[in-house]
Amino acid sequence: MKIGTPKEVFEGERRVAMTPESALQLQKLGHECLIETGAGAASGFDDAAYAAAGVEVVKTAAALWQAADVVAKVRAPDDTEMKRLRDGQTLISFFSPVADEAKMQAAAKKGATVVAMEMIPRISRAQKMDALSSMANIAGYRAVIEAGNNFGRFFTGQITAAGKVPPAKVLVVGAGVAGLAAIGTSTSLGAITLAFDVRPEVAEQVESMGAEFVYLDFEEEQTDGAATGGYASVSSPEFREAQLAKFRELAPDVDIVICTALIPNREAPELWTEDMVAAMKPGSVIVDLAAEKGGNCKQTVMDEKIVTENGVTIIGYTDFPSRMGTQASTLYSTNIRHLLTDLTPEKDGVINHNMEDDVIRGATIAHAEAVTFPPPPPKVAAIAAAPKKETPKALTPEEKRAAELAAFKAQTKNQVILLGVGGALLLAVGLVAPASFMQHFIVFVLSVFIGFQVIWGVAHSLHTPLMAITNAISSIIILGALMQIGSGSGLVVILAALSVFMCGINIFGGFLVTRRMLAMFQKS
C-alpha cells in the first residue's frame with residue numbers, strides 16, 4: 001500500500017510524521033512511501049533526503065491525499081483535509097475524539113478508518129507506539145529549558161569571586177512522563193528539585209533521579225494507574241485541600257514551577273491558584289504544560305507568555321514538542337512505524353486492521369462506517385496491580401514475648417537433635433576406626449561444618465565474587481586428596497577419590513561461572 005505524509009497545515013507546526021529513516025523501515029514492510037514537497041523542511045529533512053530514501057515526492061497535498069491508501073500526519077485534520085478523506089482510506093494522527101466528535105462522525109460516515117495516536121493503550125506491548133509519552137518526554141525537557149530562558153539566575157549554585165549564587169529551587173507538579181523528564185533535566189542542571197504526585201508509588205522514581213518527593217500529612221487510599229490507563233486518578237476533596245495547603249506552603253520558597261497534571265480528554269485540574277502566584281518571588285517562572293486544557297494555573301493564557309503584577313512569568317505554550325521539530329519528528333515517526341508494523345503482520349505491504357488486537361482496537365476511533373470510540377477496556381491491565389497483602393494483626397508485648405520464646409525453644413530443640421545425631425555418628429565411626437584416623441576425621445567434619453555455616457550466611461548476590469576464593473580452597477583440598485589416593489587403606493582411597501571428584505566440580509564450575517561473569521563486561 002501507499003503511505004503518504006502531507007505537510008502540516010496547522011500554523012507553526014514543525015513536526016512531520018515521516019522521516020527518511022522511518023520511510024526506509026516502512027518500505028521493508030512492503031509499502032510505498034509518499035511525501036508532500038516541503039513537508040519535512042521545518043524539521044530539517046529536505047526533499048532530496050526523502051528522494052534518496054526512495055520516497056516519492058508529491059507536489060501538492062490534494063495529489064497526495066488522492067494517491068495514498070494510508071495518510072500519516074501529526075495534527076488532527078482540518079476541514080479541508082476532512083473533505084479529502086475518502087472511503088477505504090486510513091488516517092493515522094492525533095485526533096482528539098472527544099473535542100472533534102463531529103469530524104469523527106464524518107470520517108465514519110465516509111467509510112474511512114481513523115487511528116488516533118493519543119488513544120494508544122498504555123500497556124507494555126504498546127510502549128513503542130505511545131506517541132503521547134514520546135511527545136510528553138520532549139515537552140518536559142523543553143519546559144525546563146524555557147523556564148531557564150526566562151529565569152534571571154543560574155540553575156546551579158556557584159561560589160565566585162564576585163559572590164555566592166544560590167541554586168534555583170524547582171517544583172514539578174505531576175511525576176508522569178513529562179514530569180520525570182523535567183525532573184531529570186532540572187537536576188542535571190544543578191537545581192534543587194522538588195516533585196509532587198498523587199500517586200505515592202512514584203516517590204522512588206523521583207528520588208532515584210536526585211529530586212525530593214513532597215509528601216502530604218494525609219492518608220488516602222489511592223487507586224492504581226490501571227483503572228485510569230496509567231494516569232493519576234481523581235482525588236477526594238479532602239486530599240485536594242491538603243495538596244493545595246502544601247503548595248501554599250512551598251510557593252514563597254520555589255523559583256520555578258512546572259505543572260504537568262493532565263489526563264487526556266479531561267479538563268486540567270487547577271493546582272496552582274492565584275494566591276500561590278501572588279506569594280511567589282518576583283522573577284519566578286511558571287511553565288504550564290496543561291495550558292491546552294485550561295491550565296493547572298488558571299492565570300495561564302494558552303500559547304502566550306505573560307508577566308503578573310508581582311513579576312511572575314507564566315508560560316502557556318502548547319507547542320513544546322514542535323519547538324524541537326527534528327527530535328520530535330524522529331520519535332513520532334518511529335511510533336507511526338511501529339504501529340504500521342503491527343498493522344502489516346505479514347510484511348507484504350497489505351494492511352490487516354485486526355480489531356481483536358487490544359492496541360489496534362483501542363486506538364481506532366472509526367472503522368467500517370461506524371464510530372468505535374470509546375474503546376472497551378484492554379484485556380491486559382495497563383499497569384500490573386500489586387497483590388494486596390493482608391496487614392498482620394498487631395501483637396501485644398506479652399504475645400510478642402511468647403512468640404519469641406516459642407521460636408527460641410523450637411530452634412534449640414532442632415540444634416540439640418542435630419548435635420545428638422552428629423555425636424552418635426562420630427561415636428559409631430570411632431568404634432571401628434583407628435585413633436589416627438579419628439583425629440583427621442574430626443578436623444574434617446568441623447571444617448566442613450564451619451565452612452558450610454560461613455558460606456550459607458553469605459547473600460546470594462555475593463557468591464560470584466567469592467568464586468576465586470572457593471577455587472583456591474578447593475585447589476588446596478584436591479592436592480591433599482591426590483596425596484592420599486595412593487594409600488593402602490581402601491576407606492582412605494574412597495574418601496580421597498570422592499574429594500577429588502567434588503573439588504574438581506567446584507574448581508571447573510567456579511572458573512566457568514567466573515569466565516561468564518567477566519564476559520559480561522567485555523566489549524563485543
Side-chain angles (χ1 to χ4, degrees), residues 1-19 22-23 26 31-43 45 47 50 55-120 129 131-132 135 264-265 292 303 318-319 321-322 325 328-329 332-333 335-337 339-340 343 351 353 363-373:
M1 287 189 167
K2 294 183 178 181
I3 300 174
T5 295
K7 185 177 181 179
E8 294 296 322
V9 295
F10 190 88
E11 186 178 355
E13 180 58 68
R14 297 179 179 88
R15 291 172 292 178
V16 64
M18 182 190 296
T19 64
S22 70
L26 291 174
H31 298 295
E32 296 179 41
C33 295
L34 313 175
I35 191 83
E36 183 185 349
T37 183
S43 295
F45 307 110
D47 292 346
Y50 284 106
V55 181
E56 181 184 347
V57 179
V58 181
K59 290 185 178 181
T60 64
L64 184 136
W65 279 85
Q66 182 63 34
D69 302 301
V70 178
V71 176
K73 59 192 309 295
V74 181
R75 294 276 186 168
D78 65 1
D79 293 337
T80 302
E81 290 175 320
M82 284 299 300
K83 291 178 182 178
R84 290 169 175 164
L85 192 63
R86 67 175 190 276
D87 180 26
Q89 197 171 42
T90 298
L91 171 65
I92 302 173
S93 72
F94 286 109
F95 202 91
S96 300
V98 175
D100 292 337
E101 185 177 358
K103 290 181 181 179
M104 180 172 59
Q105 296 280 358
K109 188 176 181 180
K110 284 189 173 187
T113 296
V114 178
V115 179
M117 290 302 291
E118 68 266 51
M119 295 302 299
I120 295 288
M129 316 170 205
L132 273 181
M135 298 301 103
N265 302 317
E292 196 167 5
D303 292 323
T318 59
D319 61 345
S322 179
S329 297
Y332 182 72
S333 64
N335 296 141
I336 295 283
R337 189 252 299 174
L339 176 63
L340 285 167
L343 287 169
I351 296 293
H353 206 95
T364 303
I365 61 174
H367 181 65
E369 298 186 359
V371 172
T372 58
F373 176 84

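We use all heavy atoms of the structure for the numbers below, so side chains are in, but hydrogens, waters and symmetry mates are not. Residue numbers count from 1 along this sequence.
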Checklist outcome for this item: Between Phe95 and Asp100 the two heavy atoms that sit nearest each other are O-OD2, 2.8 Å
Next on the checklist: What verdict does the side-chain contact (heavy atoms from CB on, under 4.5 Å) test give for Thr5 and Val55, after you've listed the backbone C-alpha separation in whole Å, the side-chain angles of each residue and the deciding distance to 0.1 Å?
Outcome noted: CA-CA 10 Å; Thr5 295; Val55 181; over 6 Å; no
Checklist entry - Is a side-chain N or O of Ser43 found less than 3.5 angstrom from the main chain of Arg14, in a donor-acceptor match? => result yes
Checklist outcome for this item: Taken to the nearest 0.5 Å, the spacing of Glu32 CD from Met1 CE works out to 11.5 Å
Checklist entry - Roughly how far, to the nearest 0.5 Å, is the NE2 atom of His31 from the CG atom of Leu343? => result 8.0 Å
Checklist entry - What distance separates Ser333 OG from Arg15 CZ, expressed to the nearest 0.5 Å? => result 12.0 Å
Checklist entry - Between Tyr50 and Phe45, how do the two ring planes meet: parallel, tilted or perpendicular, split at 30° and 60°? => result perpendicular
Item to check | Side chain proximity check, Asp78 to Phe10, heavy atoms < 4.5 angstrom | outcome: no
Checklist outcome for this item: Value for OG1 (Thr80) from NZ (Lys83), rounded to nearest 0.5 Å, stands at 6.0 Å
Item to check | Trace of the side-chain contact (heavy atoms from CB on, under 4.5 Å) decision for Glu101 with Phe373 | outcome: CA-CA 10 Å; Glu101 185 177 358; Phe373 176 84; over 6 Å; no
Checklist entry - So, Glu118 side chain and Ser96 main chain: donor-acceptor pair closer than 3.5 Å or not? => result yes
Checklist entry - So, the side chain of Gln105 versus the backbone of Ala102: is there a donor-acceptor pair under 3.5 Å, distance only? => result no
Checklist outcome for this item: Nearest heavy-atom approach of Arg86 to Trp65 is NH1-O, 2.7 Å
Next on the checklist: Assess whether a salt bridge exists between Glu56 and Lys2, defined as any Lys/Arg side-chain N lying under 4.0 Å from an Asp/Glu carboxylate O.
Outcome noted: no
Checklist entry - Rounded to the nearest 0.5 Å, what separation is found between the CG atom of Leu34 and the CD atom of Gln66? => result 12.0 Å
Checklist outcome for this item: Heavy atoms of Gly111 and Asp87 approach each other most closely as O-OD1, 3.3 Å
Checklist entry - Could you state the interatomic distance from CG (Leu64) to NZ (Lys73), rounded to the nearest 0.5 Å? => result 11.0 Å
Checklist entry - Judged by atom type as modelled, is there a donor-acceptor pair below 3.5 Å linking the side chain of Glu13 to the main-chain atoms of Ser322? => result no
Next on the checklist: Go through it in stages, so that I can follow the logic: the residues are Ile351 and Asp69, the test is side-chain contact (heavy atoms from CB on, under 4.5 Å), and I'd like the CA-CA distance, side-chain angles, deciding distance and then a yes or no.
Outcome noted: CA-CA 10 Å; Ile351 296 293; Asp69 302 301; over 6 Å; no
Checklist entry - Do Lys103 side-chain atoms and Pro77 backbone N/O form a donor-acceptor pair below 3.5 Å? => result yes
Item to check | Ile92 versus Met117, closest heavy-atom pair with distance | outcome: CG2-SD, 3.6 Å
Item to check | Donor-acceptor side-chain pairing of Thr364 and His353 below 3.5 angstrom | outcome: yes
Checklist entry - Counting distance only, does the side-chain N/O of Ser329 pair as donor-acceptor with the main-chain N or O of Gly325 below 3.5 Å? => result yes
Next on the checklist: Strictly distance-based, threshold 3.5 Å: is any side-chain N or O of Lys110 a donor or acceptor partner for the main-chain N or O of Leu85?
Outcome noted: yes
Checklist outcome for this item: Residues Ser22 and Arg337: closest non-hydrogen pair is O-CG, 4.2 Å
Next on the checklist: Between Ile3 and Ile336, does the side-chain contact (heavy atoms from CB on, under 4.5 Å) criterion hold? Intermediate values first, please.
Outcome noted: CA-CA 11 Å; Ile3 300 174; Ile336 295 283; over 6 Å; no
Item to check | Least distance between heavy atoms, Ala63 atom then Val58 atom | outcome: CB-CG1, 3.6 Å
Checklist entry - Is the number of heavy atoms from other residues, nucleotides or ligands under 6.0 Å of Lys7 NZ greater than 12? => result no
